[in-house]
Amino acid sequence: IDYFDFLKGIAIISVVIIHVAYFFQRFNPHNNDFFINILNNLLRFAIPFFFICSGILLSARLDSARLARRDGGASSMKLGEYYYSKFIRIIVPYFIMNILIAAYLNPSLEEFVIYIMSGMVIPPYYFVIVLAIFYLIFPFISRFKDSKIFLMAAFFISFLSFFLIQLWSYAIPILSANLFFFFAYGMYMRNYFLQKVLDKKEAIYWGIIILLYLWISLSFSGFYYNNQFFYGIALFNLFFIFKD
């Protein structure tokens, strides 16, 4: 679906800029921190976009498989094939890259295992581990994807972990819980985004949330991270409303 490829492309570019801004700030102590912080904060929709898209498209594929099975066709989402495809596409390349980087860093065996399990051989690799966890649990939570209680529970889990993560920044279970709401939101809202149920009146509400986030970013300048529950979702919806 071209539109979701477009969103992921925008998110990829944003991630690159975020990391360039981080290193620019780190190695240039006399730069304009205010400008760098604002640029970083504006682009923090990227990780929410990735996980929302994953939730939408995985759930849509599952819906298609169930329809095919109901109509007498073969299911396109057998559990073994599902896990095998994710392993080949995500875990194998991730493992190979960890080996190549470890060859340069020369860690001990214990450090290498920690790198693999945590995604911390290079900081951005945590994303791969979190995504793999979501893919791992998806077949078990997919039965709840139409439940508002499930969505509310996902928000509560992520909101609670937002405070825990301040104490232990790179604990992968906490980090996964922190970002889980975006994945759950994509699962729950898949039909809205796939069936093009556009309501431009909603743009006012999403726009207010975005403006509020911008005001907070300007008033309380700092280097924000990916815990932007409302900003990421608001911008995702605004992009969708004006997608054409």
Side-chain angles (χ1 to χ4, degrees), residues 4 6-56 122-127 130-131 151-152 154-171 174-186 189 193 199-243:
F4 292 104
F6 168 78
L7 286 186
K8 288 186 282 187
I10 294 293
I12 288 168
I13 293 169
S14 299
V15 168
V16 172
I17 297 173
I18 285 169
H19 286 280
V20 170
Y22 169 78
F23 284 109
F24 183 79
Q25 185 182 54
R26 181 175 178 180
F27 295 111
N28 292 272
H30 303 295
N31 62 36
N32 187 338
D33 282 347
F34 180 78
F35 172 75
I36 295 297
N37 287 344
I38 294 301
L39 179 64
N40 165 78
N41 299 346
L42 288 177
L43 298 176
R44 284 292 169 176
F45 62 84
I47 297 302
F49 272 32
F50 287 133
F51 287 126
I52 294 172
C53 285
S54 292
I56 292 170
I122 294 178
Y125 278 18
Y126 81 88
F127 174 84
V130 173
L131 186 64
L151 186 63
M152 293 170 63
F155 177 79
F156 176 77
I157 290 169
S158 292
F159 190 73
L160 178 62
S161 67
F162 172 78
F163 298 100
L164 296 177
I165 210 169
Q166 312 305 319
L167 306 175
W168 198 5
S169 296
Y170 288 104
I174 297 176
L175 194 57
S176 301
N178 182 248
L179 298 168
F180 180 59
F181 177 61
F182 300 120
F183 187 69
Y185 181 81
M189 294 292 293
F193 292 117
D199 185 357
K200 292 192 175 182
K201 293 180 181 178
E202 292 183 5
I204 297 174
Y205 308 114
W206 299 122
I208 290 172
I209 292 173
I210 293 168
L211 290 174
L212 181 61
Y213 175 80
L214 296 179
W215 175 77
I216 292 173
S217 298
L218 291 169
S219 302
F220 304 96
S221 180
F223 203 85
Y224 294 2
Y225 291 90
N226 296 319
N227 316 99
Q228 311 306 327
F229 297 124
F230 302 107
Y231 174 61
I233 287 176
L235 200 60
F236 193 95
N237 278 274
L238 203 63
F239 272 41
F240 177 73
I241 290 170
F242 295 105
K243 64 189 294 291

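Here, residue 1 is the first one in the sequence, and each next residue gets the next number. These numbers come from the heavy atoms of this one structure, side chains and all, not from hydrogens, waters or symmetry mates.
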Is [Y] close to [X] at the side-chain level, that is, under 4.5 Å between some pair of heavy atoms?
| X | Y | value |
| --- | --- | --- |
| F4 | F193 | yes |
| I209 | Y205 | no |
| F182 | I47 | no |
| F24 | L39 | no |

Return all side-chain donor-acceptor pairs below 3.5 angstrom for residues 229-239, not counting sequence neighbours, or 'none' if the list is empty.
residue: Y231; atom: OH; partner: L42; partner atom: O; Å: 2.6
residue: N237; atom: ND2; partner: Y185; partner atom: OH; Å: 3.0
residue: N237; atom: ND2; partner: I233; partner atom: O; Å: 2.8

Got a sec: does the CZ of F242 have more than 12 other heavy atoms crowding it under 6.0 Å?
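Enclosed: over 12 neighbouring heavy atoms sit under 6.0 Å from CZ of F242.
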Check step by step if side-chain contact (heavy atoms from CB on, under 4.5 Å) holds for Y22 and I18.
CA-CA 6 Å; Y22 169 78; I18 285 169; 5.7 Å; no
For side-chain contact (heavy atoms from CB on, under 4.5 Å), just list the numbers for F50 and K8, CA-CA rounded to whole Å, side-chain angles, deciding distance to a tenth of an Å, and then say yes or no.
CA-CA 6 Å; F50 287 133; K8 288 186 282 187; 4.3 Å; yes
With [X] via side chain to side chain contact (heavy atoms under 4.5 Å, CB included) - residues at least two apart:
| X | result |
| --- | --- |
| L218 | F34, I38 |
| I208 | I204 |
| S54 | L131, Y135, F183 |
| I216 | L212, F220, Y224 |

Got a sec, which residues hit salt bridge (Lys or Arg N to Asp or Glu O under 4.0 Å) with K243, two or more places apart in sequence or on another chain?
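Residues passing salt bridge (Lys or Arg N to Asp or Glu O under 4.0 Å) with K243: none at all.
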Value rounded to 0.5 Å, distance of [atom1] in [X] from [atom2] in [Y]:
| X | Y | atom1 | atom2 | result |
| --- | --- | --- | --- | --- |
| S217 | N40 | OG | CG | 9.0 Å |
| R44 | F49 | CZ | CZ | 14.0 Å |
| I157 | N178 | CD1 | CG | 11.5 Å |

What heavy-atom pair brings [X] and [Y] nearest, and what distance separates the two atoms?
| X | Y | result |
| --- | --- | --- |
| F45 | A11 | CE1-CA, 4.5 Å |
| G186 | I56 | O-CG1, 3.3 Å |
| S161 | A177 | OG-C, 3.4 Å |

Taking the side chain from S158 and the backbone from F155, do they hold a donor-acceptor pair closer than 3.5 Å?
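Side chain of S158 to backbone of F155, a donor-acceptor pair under 3.5 Å: no, none is there.
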